[in-house]
Amino acid sequence: MNATAPKASAQNAGQNRRIARAAVVVLGATGGVGRGVVKAALASGRPVIAVARDKSGLQCLRGSFPDADLTIVPGSVSNDGDGERLARTLSKLGRPIDGVVAAVCGSAARGRLLDHPAAFLRQTLDEDLLPHLAAARHLLPLLAQGGRTGTYVLIGGPGADRPWAGYGHRSIATAALRMLARVLHEEARTIGVRVQLLAIDSPVCTELNRANACEQWPSALSVGQRALALINALTEAGDGLQPAEAVVPYSKVGFWPSSADDTADDDFGVTTDVDSPSPASTNQQEPGNGDAIASSPACGAAKSQAMHDAPAVGLLPSRCLQDARTLLRNLIAPNHNATHNNNNQEDSP
């Protein structure tokens, strides 16, 4: 009996510490990347408020962590009205919040900009960019309530510096998101809140795209761990190691792995992407569509359509090799404009 008493006391102390810690809000919690963020936060002992539009998906997520301090909130940030309603709902919970992670993104349709009307780019911005602004406008004040200091982390995908062949519209939206992060970073200083964008220059491997993923892609769990490291850098006393820039490259964020293995699968018992928009509803953006990187170009290609490119060895998915060839062409293009001007069509997979 004496042997079990210290153990029970330690468990109670651990539970008290978890209860005392402020919560992290995860937007797009049921998407591939969002699930990784939720898992990383819970493994670190953080209470989590998971936000997504799909109630059944949230229930599945809740059932995967029956003993965790996980609160599920159906909600959307597709526009200002939705963002305001979500902020009111979170305020009514009465829980202190010191971090928000926005893993929000739109559909991953392919196509050249020149082959689509202007409305195609407008739709992409409506899905990939404007929801981030709507969410930040209404959730940033929650991080400053009661004189608290908090961190708002946006998850940004590849293609912002160089156009991604066949996904130019996504590259434009990603570049705009980085500028939005820089603007919000400056403006949020007046209320004592830090805004940062975690910039990931490759797609992310999730349970939703694992069949077509490259081994070199970071896992959704590792993305979540680094997002949490940015939040902890501001909330934990004495930690001045993390960068305070508005845009932080994924590779420059250090973290201390928790009980969850950095390379572990993000398997929460949810077998489908409950938040992926259907073809008929790709013009609607909700926080549940959390595959901010998982829905990147390489992840969205069907394996059957890419197999004709596959090398005999099969060390990497053919899609990765195709994107690597495109990247190499882009790198050498400035020195060989005359040679490659006639081959632009071949650069689009």
Side-chain angles (χ1 to χ4, degrees), residues 21-29 31-50 97-105 132 136 143 149-161 174 177-178 181-182 184-185 193-209 213-236 238-266 268 290-296 299:
R21 299 189 74 180
V24 171
V25 175
V26 180
L27 304 179
V33 174
R35 282 190 282 249
V37 178
V38 170
K39 184 176 183 180
L42 292 177
S44 70
R46 282 274 192 175
V48 173
I49 301 174
I97 298 170
D98 65 11
V100 175
V101 180
V104 179
C105 190
H132 282 290
L143 295 176
T149 57
T151 301
Y152 192 104
V153 178
L154 303 94
I155 308 294
D161 296 326
T174 303
L177 180 61
R178 292 195 181 190
R182 291 186 175 98
L184 294 177
H185 180 80
V193 176
R194 176 184 293 176
V195 176
Q196 291 182 291
L197 181 141
L198 180 62
I200 307 170
D201 290 328
S202 72
V204 172
C205 178
T206 75
E207 64 178 88
L208 308 175
N209 67 6
C214 296
E215 293 181 1
Q216 293 84 354
W217 294 354
S219 69
L221 178 60
S222 68
V223 171
Q225 288 169 330
R226 284 163 173 80
L228 263 292
L230 292 176
I231 294 174
N232 293 338
L234 189 61
T235 58
E236 292 183 1
D239 184 357
L241 299 178
Q242 300 295 344
E245 294 84 0
V247 177
V248 186
Y250 169 89
S251 61
K252 291 188 178 181
V253 182
F255 72 96
W256 291 265
S258 59
S259 57
D261 185 2
D262 181 30
T263 60
D265 291 342
D266 310 6
F268 302 109
D291 285 331
I293 321 300
S295 60
S296 295
C299 306

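For the single chain, residues carry numbers from 1 onward in sequence order.
When every heavy atom of Ala181 is checked against every heavy atom of Leu197, the shortest pair comes out as CB-CB, 3.6 Å. The minimum heavy-atom distance between Gly32 and Ala220, with the atom names listed, is O-CB, 3.4 Å. When all heavy atoms of Ala29 and Ala50 are compared, the pair lying nearest together is CB-CB, 3.5 Å. Considering all non-hydrogen atoms of both residues, Val204 and Asn209 come closest at O-ND2, 2.8 Å. Between Cys205 and Trp217, the shortest heavy-atom contact is N-CB, 4.0 Å. Across Ala199 and Val247, no two heavy atoms sit closer than the pair CB-CG1, 3.9 Å.
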Checking Leu198 against Leu154 for the side-chain contact (heavy atoms from CB on, under 4.5 Å) test, could you report, in this order, the C-alpha distance in whole Å, the side-chain angles of both residues, the deciding distance, and whether it holds? CA-CA 6 Å; Leu198 180 62; Leu154 303 94; over 6 Å; no
Evaluate the criterion side-chain contact (heavy atoms from CB on, under 4.5 Å) for residue pair Ile231 and Val24; output intermediate values, then yes/no. CA-CA 9 Å; Ile231 294 174; Val24 171; 4.1 Å; yes
Applying side-chain contact (heavy atoms from CB on, under 4.5 Å), run through Arg35 and Glu207 and close with a yes or a no. CA-CA 10 Å; Arg35 282 190 282 249; Glu207 64 178 88; 3.7 Å; yes
Would you please test Ile155 and Val153 for side-chain contact (heavy atoms from CB on, under 4.5 Å) and show each step? CA-CA 7 Å; Ile155 308 294; Val153 178; 4.3 Å; yes
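For the pair Ser222 and Tyr250, the minimum side-chain heavy-atom distance is below 4.5 Å. In this structure the side chain of Val100 reaches within 4.5 angstrom of the side chain of Leu143, judged on heavy atoms. Looking at heavy atoms from C-beta onward, Pro158 lies out of side-chain contact with Thr174 at the 4.5 angstrom threshold.
Asp201 meets the side-chain hydrogen bond (donor to acceptor under 3.5 Å, both in side chains) test with Arg178; sequence neighbours excluded. In this structure Ala41 satisfies the side chain to side chain contact (heavy atoms under 4.5 Å, CB included) test together with Arg46, Val48, Leu228, sequence neighbours excluded.
Although no hydrogens or angles enter the test, the distance criterion places no donor-acceptor pair under 3.5 Å between the side chain of Asp98 and the main chain of Thr151. Of the possible donor and acceptor atoms, none in the side chain of Gln196 sits under 3.5 Å from a partner among the backbone N and O of His185.
Atom CZ of Arg226 sits about 8.5 Å away from atom OG of Ser251, to the nearest 0.5 Å.
A cation-pi arrangement, defined by a distance under 6.0 Å to the six-membered ring centre and an angle within 45 degrees of its axis, is absent between Arg194 and Tyr152.
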